[in-house]
S.K.: 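Quick one: structure below, then a few questions.
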Amino acid sequence: MASEPAQTCVHIHPAIEPLWWMLGTWISESPGEGSFPSIRPFTYLEKVQITYVGQPMLNFSFNAFDPDTKKPMHRESGFIRIKPGTNKVAFISAQNTGVVEIEEGEVKDRELTLASQSVNRMSFAKEPHVQQITRTFRLTAEGKLEQTVFMATDQQPLTQHLHITYTRSP
């Protein structure tokens, strides 16, 4: 059976109950895999913190680092909001690459599926420019959190970019 998130002193707002399974600190034990036609394949480790502070949303931060050198890589932070009374979810993210995005989708059971609605970037963001993102989070029967990300740029169609599995940290 899937492990339950750590108990908190804060009562969970009813609007985010469908997302309770995401709460916690998650660490990748095995490196995640990244690839895309325009780059060399790579591996990474990542620490994810998904927290709740009493508002009807979750806060998140993703911190990826090189598995060998431990140097920081990708950083991403933002919010996960659910439309009260529905399974409609928005994922709002700012990244250290200069990309800011809004993804929307649905939560069903222990799976959250999202697709970009808006992708913007700073004026001097590195090319090729991201045009589209899809992302799925899934809680496995073993209690692990999986994330798979597909990406399209102005030069490449939608292609799997990242896959990683996390274990909940005590």
Side-chain angles (χ1 to χ4, degrees), residues 1-36 39 41-53 55-68 70 72-93 95 101-117 130 132-152 158-170:
M1 176 162 168
S3 62
E4 300 290 321
Q7 295 295 318
T8 64
C9 298
V10 179
H11 181 268
I12 299 291
H13 190 284
I16 65 159
E17 284 179 4
L19 298 169
W20 70 268
W21 52 272
M22 295 184 79
L23 285 172
T25 299
W26 301 87
I27 309 274
S28 59
E29 294 176 346
S30 300
E33 297 177 349
S35 63
F36 203 69
I39 61 174
F42 62 95
T43 59
Y44 65 103
L45 294 173
E46 192 163 49
K47 180 178 181 181
V48 177
Q49 292 181 296
I50 302 175
T51 60
Y52 173 72
V53 296
Q55 297 174 306
M57 72 187 73
L58 301 178
N59 305 318
F60 68 81
S61 67
F62 294 83
N63 296 293
F65 53 95
D66 184 282
D68 298 320
K70 306 302 184 226
M73 294 171 68
H74 185 84
R75 298 286 189 257
E76 189 169 349
S77 62
F79 307 94
I80 303 171
R81 295 188 62 131
I82 190 164
K83 183 177 180 182
T86 75
N87 66 341
K88 306 289 184 210
V89 177
F91 182 92
I92 303 117
S93 167
Q95 302 175 26
E101 62 175 298
I102 297 173
E103 299 172 23
E104 293 184 6
E106 296 181 345
V107 60
K108 184 175 181 182
D109 299 321
R110 303 288 191 280
E111 185 170 289
L112 174 58
T113 304
L114 302 154
S116 57
Q117 300 299 305
V130 175
Q132 182 183 10
I133 298 279
T134 66
R135 184 185 314 246
T136 302
F137 293 97
R138 183 174 72 87
L139 189 67
T140 69
E142 299 79 30
K144 295 184 183 287
L145 183 66
E146 287 183 346
Q147 180 182 196
T148 305
V149 176
F150 283 71
M151 179 174 73
L158 196 62
T159 304
Q160 183 171 324
H161 176 46
L162 303 170
H163 182 265
I164 193 164
T165 302
Y166 313 96
T167 301
R168 192 186 310 271
S169 179

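Numbers here are sequence positions counted from 1.
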S.K.: Under 4.5 Å between any side-chain heavy atoms of W26 and T165, yes or no?
M.R.: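 Counting from C-beta outward, W26 and T165 never come under 4.5 Å.
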S.K.: Which residues satisfy the side chain to side chain donor-acceptor pair (under 3.5 Å) test with E106, sequence neighbours excluded?
M.R.: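 For E106, the residues satisfying side chain to side chain donor-acceptor pair (under 3.5 Å) (neighbours in sequence not counted) are K88.
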S.K.: Might you point out which heavy atoms bring S28 and L45 nearest each other, and give the distance in Å?
M.R.: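 Heavy atoms of S28 and L45 come nearest at OG-CA, 3.3 Å.
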S.K.: Taking all atoms of both residues into account, what is the closest heavy-atom pair of A64 and Y44, and its distance?
M.R.: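 A64 and Y44 have their closest heavy atoms at CB-CD1, 3.9 Å.
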S.K.: Checking N87 now: which residues fulfil side chain to side chain donor-acceptor pair (under 3.5 Å) with it, not counting sequence neighbours?
M.R.: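 Side chain to side chain donor-acceptor pair (under 3.5 Å) list for N87, sorted by chain: empty.
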S.K.: Looking at A115 and T134, what are the two nearest heavy atoms and their distance?
M.R.: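 That would be CB-CG2, 4.0 Å.
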S.K.: M151 and F36: which non-hydrogen atoms are nearest, and at how many Å?
M.R.: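 So the two residues come closest at O-CE1, 3.1 Å.
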S.K.: Are any non-hydrogen side-chain atoms of F137 and F91 less than 4.5 angstrom apart?
M.R.: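 Yes. Closest side-chain heavy atoms under 4.5 Å.
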S.K.: For the backbone of D68 and the side chain of D66, can you confirm whether one donor and one acceptor N or O come within less than 3.5 Å of each other?
M.R.: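 Yes, the answer is positive, given that a donor and an acceptor are paired below the 3.5 Å cut-off.
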S.K.: Using the side-chain contact (heavy atoms from CB on, under 4.5 Å) definition, which of the options T136, L139, V107 pairs with L112?
M.R.: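 Going through the options one by one, the only one that passes is V107.
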S.K.: Could you report the tightest heavy-atom contact between H13 and Y52, atom names first, then the distance?
M.R.: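 Heavy atoms of H13 and Y52 come nearest at N-OH, 2.8 Å.
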S.K.: Go through the side-chain N and O atoms of E142 and T140 and say whether any donor and acceptor fall under 3.5 Å apart.
M.R.: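 Yes, T140 and E142 have a side-chain donor paired with an acceptor closer than 3.5 Å.
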S.K.: Taking all non-hydrogen atoms of both residues, which atom of M57 and which atom of I16 are closest, and how far apart?
M.R.: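 Smallest interatomic distance, heavy atoms only, reads N-CG2, 3.6 Å.
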S.K.: If I take atom CE from residue M22 and atom CZ from residue R138, how far apart are they, to the nearest 0.5 angstrom?
M.R.: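 Spacing of CE (M22) from CZ (R138) equals 13.0 Å.
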S.K.: Please indicate whether E33 has more than 12 foreign heavy atoms, meaning atoms of other residues, nucleotides or ligands, lying under 6.0 Å from its CD.
M.R.: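 No, the 6.0 Å shell around CD holds no more than 12 heavy atoms from other groups.
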S.K.: Start with the C-alpha distance between E104 and K83, add both sets of side-chain angles, then the distance that settles side-chain contact (heavy atoms from CB on, under 4.5 Å), and finish with yes or no.
M.R.: CA-CA 11 Å; E104 293 184 6; K83 183 177 180 182; over 6 Å; no
S.K.: Going by the angle between their ring planes, with limits at 30° and 60°, are F60 and F62 parallel, tilted or perpendicular?
M.R.: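 If you compare the ring of F60 with that of F62, the planes turn out perpendicular.
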S.K.: If you define the side chain from C-beta out and look only at heavy atoms, does anything of I82 sit under 4.5 Å from V89?
M.R.: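 A side-chain contact exists here, since the closest heavy-atom pair is under 4.5 Å.
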S.K.: Not counting sequence neighbours, which residues clear side chain to side chain donor-acceptor pair (under 3.5 Å) with Q147? List them please.
M.R.: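 By the side chain to side chain donor-acceptor pair (under 3.5 Å) rule, Q147 matches R135, Y166.
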S.K.: For Q55 and F79, run side-chain contact (heavy atoms from CB on, under 4.5 Å): C-alpha distance rounded to whole Å, both residues' side-chain angles, the deciding distance at 0.1 Å, then the answer.
M.R.: CA-CA 11 Å; Q55 297 174 306; F79 307 94; 5.8 Å; no
S.K.: Does NZ belonging to K70 count more than 12 external heavy atoms closer than 6.0 Å?
M.R.: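 Atom NZ in K70 is crowded, with more than 12 foreign heavy atoms closer than 6.0 Å.
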S.K.: Rounded to the nearest 0.5 Å, what separates atom OG1 in T148 from atom NE2 in H163?
M.R.: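 That separation rounds to 3.5 Å.
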S.K.: Out of curiosity, S169 OG to Q49 CD, how far, rounded to the nearest 0.5 Å?
M.R.: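 Between S169 OG and Q49 CD, I get 9.0 Å after rounding to 0.5 Å.
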S.K.: Take Q95 and S93 through the test side-chain contact (heavy atoms from CB on, under 4.5 Å) and record every step on the way to the result.
M.R.: CA-CA 6 Å; Q95 302 175 26; S93 167; 3.7 Å; yes
S.K.: When you measure from the side chain of H161 to the backbone of F150, do you find a donor-acceptor pair of N or O atoms at a distance under 3.5 Å?
M.R.: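 Not confirmed, H161 side chain does not pair with F150 backbone.
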S.K.: Atom CG in L23, atom OG1 in T51: separation rounded to 0.5 Å?
M.R.: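 So the CG of L23 and the OG1 of T51 are separated by 8.0 Å.
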S.K.: I need the I164 CD1 to K144 NZ distance, nearest 0.5 Å.
M.R.: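 Reported to 0.5 Å precision, the distance equals 12.0 Å.
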S.K.: Atom CD1 of I50 and atom CD1 of I80: how far apart are they, to the nearest 0.5 Å?
M.R.: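 If I round to the nearest 0.5 Å, the distance is 5.0 Å.
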S.K.: Establish, from distance only, whether the side-chain atoms of S116 and E101 form a donor-acceptor pair under 3.5 Å.
M.R.: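 E101 and S116 do not have a side-chain donor-acceptor pair below 3.5 Å.
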S.K.: With side-chain contact (heavy atoms from CB on, under 4.5 Å) as the criterion, how do L145 and R168 come out once you've worked through the C-alpha distance, each side chain's angles and the decisive distance to 0.1 Å?
M.R.: CA-CA 8 Å; L145 183 66; R168 192 186 310 271; over 6 Å; no
